[in-house]
2 protein chains.
Amino acid sequence: MKKNSQPAAGLALVRGELLNPNCPSRELLKRITSRWTMLVMLALRENTLRFSEIRRAIGGISERMLAQTLRYMEEDGLLIRKAYEVVPPHVEYRLTPLGREASKHVLALTDWLESHFPLIEQQRSDRQNAG
Amino acid sequence: MKKNSQPAAGLALVRGELLNPNCPSRELLKRITSRWTMLVMLALRENTLRFSEIRRAIGGISERMLAQTLRYMEEDGLLIRKAYEVVPPHVEYRLTPLGREASKHVLALTDWLESHFPLIEQQRSDRQNAG
DNA sequence: CAGGATCCGCTAGGATACTG
DNA sequence: CAGTATCCTAGCGGATCCTG
């Protein structure tokens, strides 16, 4: 227990608090499950990568979005940015322990999704044919 | 948009296929982890609810967004819409087994997030104070 | 190489009004 | 009650150019 920061710090957060519109963790949920954040987590899951390496790993992400995503993730303490003072620049990104924990859950979801994707697509077309 | 020659249906999907920008499951990931879809999953996790009940359970969602979210989820086979032919209308929503599976992973993520939220917020402010 | 700055289209999403 | 229809805005996100 640190100091007198927020009352929330010592509070047992109950499941479903997210359903409260005023719960600030909704914002965090939005950021963590945002399109690119999840993919960055996958890319960095067990690697330390440079900016352009991440960009190549995740197909289709623009420089702007990757930079922004990395900044947000660093702010949330999900990853560490390490810049070497050299020319040309060399910057490495890796998940923090917190980020690695989060990525586990993300990975569980994406794994499930990928393995059930064919089924879902098939059901979708079945339903469309049936009306 | 349908792609010809997509072997995905019978293929063993490997972990990390989402990092391929052409992987159609990216779209599904976007839908499933969209802001309101996740909250609807939480609300319906162990309940069958009516439209307005869901709306009340999830604070802050508009009618328009709830209707759209429910329609998408039904299309993806995540929930069942059951309408009773009465006046006034009575419509119930519940998760399918598929939806319940997905919600488990979503719940794991949101549980983790809620329990680590205070820590994350504290680290964030610590970092801001430190520069 | 790692981004910042700028411009801009697109769409998620809110507010409101209306209907069966 | 359970939505649809309409209008409108904020901001997500892509493309491009520029810099240390």
Side-chain angles (χ1 to χ4, degrees), chain A residues 18-23 26-41 43-44 47-76 79-94, chain B residues 1 18-22 26-41 43-44 47-76 79-94:
Chain A
L18 276 166
L19 293 180
N20 181 338
N22 300 323
C23 183
R26 268 204 193 179
E27 277 312 302
L28 182 60
L29 179 64
K30 262 182 72 174
R31 285 200 301 276
I32 284 191
T33 60
S34 80
R35 182 179 177 188
W36 298 121
T37 300
M38 299 188 76
L39 296 181
V40 167
M41 278 188 184
L44 289 181
N47 309 100
T48 295
L49 293 179
R50 302 175 62 170
F51 187 89
S52 50
E53 290 173 331
I54 303 175
R55 187 147 182 252
R56 246 171 288 128
I58 305 174
I61 188 171
S62 67
E63 293 182 357
R64 188 162 113 54
M65 277 302 106
L66 180 54
Q68 188 180 104
T69 301
L70 291 171
R71 212 179 320 119
Y72 285 159
M73 289 179 72
E74 193 189 3
E75 285 177 18
D76 285 335
L79 63 75
I80 299 282
R81 178 185 186 277
K82 182 164 187 180
Y84 297 88
E85 293 296 328
V86 295
V87 185
H90 184 120
V91 182
E92 288 180 353
Y93 295 90
R94 62 185 166 82
Chain B
M1 310 248 163
L18 276 167
L19 294 179
N20 181 338
N22 299 323
R26 268 203 191 178
E27 277 311 302
L28 182 60
L29 179 65
K30 264 182 71 174
R31 284 200 301 276
I32 284 191
T33 61
S34 80
R35 182 177 178 190
W36 298 121
T37 300
M38 299 189 73
L39 297 181
V40 167
M41 278 189 184
L44 289 182
N47 308 101
T48 294
L49 294 179
R50 303 175 61 171
F51 187 89
S52 52
E53 289 174 331
I54 303 175
R55 184 144 186 254
R56 246 173 286 128
I58 305 174
I61 188 172
S62 66
E63 293 182 358
R64 184 159 124 36
M65 277 303 106
L66 180 54
Q68 187 179 107
T69 301
L70 291 172
R71 214 177 321 119
Y72 286 161
M73 289 178 72
E74 193 189 5
E75 285 177 18
D76 285 336
L79 63 74
I80 298 282
R81 178 184 186 279
K82 182 163 187 178
Y84 298 88
E85 293 296 327
V86 296
V87 185
H90 183 121
V91 182
E92 288 180 352
Y93 295 91
R94 61 184 166 82

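A, B, ... follow the sequence lines: proteins, then strands. Residue 1 opens every chain.
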Which class fits the ring pair F51(A) and Y93(A): parallel under 30°, tilted 30 to 60°, perpendicular over 60°?
tilted

Gap between atoms CZ and P, on F51(A) and dG4(C) respectively (whole Å):
8 Å

Donor-acceptor contact present, side-chain R55(B) to main-chain I61(B), <3.5 Å:
yes

Axial bend angle, the helix from dC1(C)-dG20(D) to dG20(C)-dC1(D): five-pair end segments, nearest 10°:
50°

Rounded to the nearest 0.5 Å, what's the gap from CZ on R81(A) to CZ on R71(A)? Could you check?
10.0 Å

Can you measure Y84(B) atom OH to dG20(C) atom P for me and round it to whole angstrom units?
24 Å

Rounding to an integer number of Å, can you tell me how far L70(A) CG sits from dA2(C) P?
11 Å

Report the distance from atom CZ of R50(A) to atom P of dG3(C), rounded to the nearest whole Å.
10 Å

L66(A) CG to dA15(D) C1', straight-line distance once rounded to whole Å
16 Å

Can you check whether L44(A) reaches R94(A) side chain to side chain, under 4.5 Å on heavy atoms?
no

Distance, rounded to the nearest Å, where I58(B) contributes CD1 and dG13(C) contributes P
12 Å

What nucleotide among dG3(D), dG20(D), dC1(D) has an atom nearest to a side-chain atom of R81(B)?
dG3(D)

What's the separation between atom OG1 in T37(A) and atom CE in M65(A), rounded to the nearest 0.5 Å?
10.5 Å

Quick one: is Y93(B) getting a side-chain N or O under 4.0 Å of the dG3(D) phosphate, OP1 or OP2?
yes

Could you tell me if the side chain of K30(A) sits less than 4.5 Å from the side chain of E27(A), heavy atoms only?
yes

R71(A) side chain near dG4(C) phosphate (N/O to OP1/OP2, under 4.0 Å):
yes

Please round to the nearest 0.5 Å and tell me the distance separating atom OG1 of T69(B) and atom CD1 of I58(B).
8.0 Å

Output for pair (L28(A) CG, T33(A) OG1), nearest 0.5 Å, gives 9.0 Å

Tell me, do I54(B) and N47(B) make a side-chain contact under 4.5 Å, heavy atoms counted?
no

Rounded off to whole Å, could you give me the CD-to-P distance for the Q68(A) and dC12(D) pair?
7 Å

Output one line per pair: protein atom, nucleotide atom from nucleotides 14-18 of chain C, and distance, for all N/O pairs under 3.5 Å.
{"unit_1": "dG14(C)", "atom_1": "OP2", "unit_2": "S62(B)", "atom_2": "OG", "d": "3.4"}
{"unit_1": "dG14(C)", "atom_1": "O6", "unit_2": "R64(B)", "atom_2": "NE", "d": "2.6"}
{"unit_1": "dG14(C)", "atom_1": "O6", "unit_2": "R64(B)", "atom_2": "NH2", "d": "3.3"}

Would you mind reading off the distance between K30(B) atom NZ and dA12(C) atom C1', rounded to a whole angstrom?
10 Å

